[in-house]
Amino acid sequence: MIAPLILVAFAAIAGLVGGRLLLRVSWVHTSPHWGIWAWQALSMAVAGAIVLVPVTLAIPLLPVSSSAAQFLQTTSFHLMEHYSTPAGGWLALAALGVALCLLVRIVWLASSIVHRAVRARRAQLDLLTLVGQDHPAGFVLVEHGTPFVYCLPGRRRRVVVTSGALELLTVRELTVVLAHERTHLRARHDIALALSQLLARTFVPIPLFRRAHDEISALIEMQADDAARAFGDRTALAQALVTLSLEGAQRPAHASTHSVALARIRRLTSSPHRPMRLPQSISIAMATAVLISAPLGLALAPAVEAATQHCCTPD
Amino acid sequence: MKQLGELEAAVMQRLWQWQRPVPVREVLEDLQRERHLAYTTVMTVLDNLHGKGFVRRVKDGRAYLYSATMSREEHTAGMLDQVLAASADRGATLLHFVGHMSQEELAELGSALSSVQSDRSDDGSLG
């Protein structure tokens, strides 16, 4: 019975403390790929804990196979005892309903996100084939005055550059901008975004997931900036950022008051970053591994307790 | 699939160029200067384009006359509008290089901005 309560506490504490921590530590921004992973690990841990709450409450109702009980060297009855609650069957039934609703919701949202993305990409590619021309430098050029550069992820991936952008950018700047976009495509940032968006939509009342989605959106830009630096210098990238955001296409107003572009330019023009040292990356890897496995461990704790307690062995 | 897209683009090219309603035969003859094509292929392509809303058709006797619904510029503008709208959603469909920054945000950059722009004057432009 304690398991669901501990899971709720874990979700609340991890969500609050972890969320605040990741917003403060510097390595998240200096090593963005680690930052992305940390936010993903935190989201998975909290989401996992939340999902496991109704599941652990519903276990008394679930047909726990005798083989599972045998594996733990206990009986199913003894096992169930460790998961039962004073509220008894009704709570377990309600919990089962909640768990099923959550499952349906996640599956439905996931398929809706994928379906919409596929449809939008197909429409975009159709239009691109019509109005775009393949440029020898490996992107699609479209005739348009406003400078704009973007990429279309997916199986038929493309980088699109408007003629306005081509005119404004120098050769160096264009090279790094293309490298930035290609990093998005290669690293499949679209998948990372889709996953964080899925969690944000599944658990709407919980601010952590929306926050994670916002942070990951900014961090993928920084990761792409870092990768682009191999193809040119930071200054060229910062220049391109300034040029394109000054002259570029107006986006509809966002809820966020600051733009990622500002953070990126500051990051590029500040002192050169040193790559993360091995001890630090090892400790982050270990911490995230513990974080992700914690919910399942907490959910299985009563079962382990049942196994270790002295019990009648079935004959 | 890719070949069909190229063919559609080739057909639209002609429609945008001529800017008048044309029958299938005229499009076919012009395309045949560059490649081998069957009448039915071009007819299918124009049918697809009609289905997608890129061309309109008017009956002239027994045949249809096709013309573009929008200019190439309008198509491009429409496509980029879609891109901007999708990017506002911050979904996974596309990843644009950078959004628009306000003058206030630019003012915040201060010295960082001026050092960047002074370096820029030494660089040539792509043209």
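In the text below, chain A, chain B and the rest are named by the order of the sequence lines, each starting its count at 1.
- The shortest heavy-atom contact between Leu130(A) and Trp16(B) is O-CZ3, 3.8 Å.
- For Arg24(A), the CZ atom sits in a loose shell: 12 or fewer heavy atoms of surrounding residues, nucleotides or ligands are nearer than 6.0 Å.
- In this structure, chain B has no heavy atom under 4.5 Å from any part of Ser196(A).
- For Arg119(A), the CZ atom is loosely surrounded, since the number of other residues' heavy atoms within 6.0 Å does not exceed 12.
- Both the backbone and the side chain of Leu128(A) come within contact range of chain B, judged by heavy atoms closer than 4.5 Å.
- Residues Glu8(B) and Thr129(A) are not in side-chain contact: their nearest non-hydrogen atoms beyond the backbone lie 4.5 Å or more apart.
- The line from OG1 of Thr76(B) to CZ of Phe148(A) is 13.5 Å long, rounded to the nearest 0.5 Å.
- By the 4.5 Å heavy-atom criterion applied to side chains, Gln124(A) and Gln82(B) are counted as neighbours.
- When side chains are defined from C-beta on, Leu80(B) does not count as touching Thr146(A), because their heavy atoms never get closer than 4.5 Å.
- Most heavy-atom pairs under 4.5 Å with chain B, from the set Asp126(A), Leu127(A), Val160(A), Val118(A): that is Leu127(A).
- Summarising the local packing, CZ of Arg182(A) is surrounded by more than 12 heavy atoms from other residues, nucleotides or ligands at distances under 6.0 Å.
- Counting non-hydrogen atoms of other residues, nucleotides and ligands closer than 6.0 Å to CZ of Arg122(A) gives a total of 12 or fewer.
- For a residue to count as touching a neighbouring chain, one of its non-hydrogen atoms must lie under 4.5 Å from one of that chain's; by this rule Ala77(B) touches chain A with backbone and side chain alike.
- Within a 6.0 Å radius of CH2 in Trp18(B), other residues, nucleotides and ligands contribute more than 12 heavy atoms.
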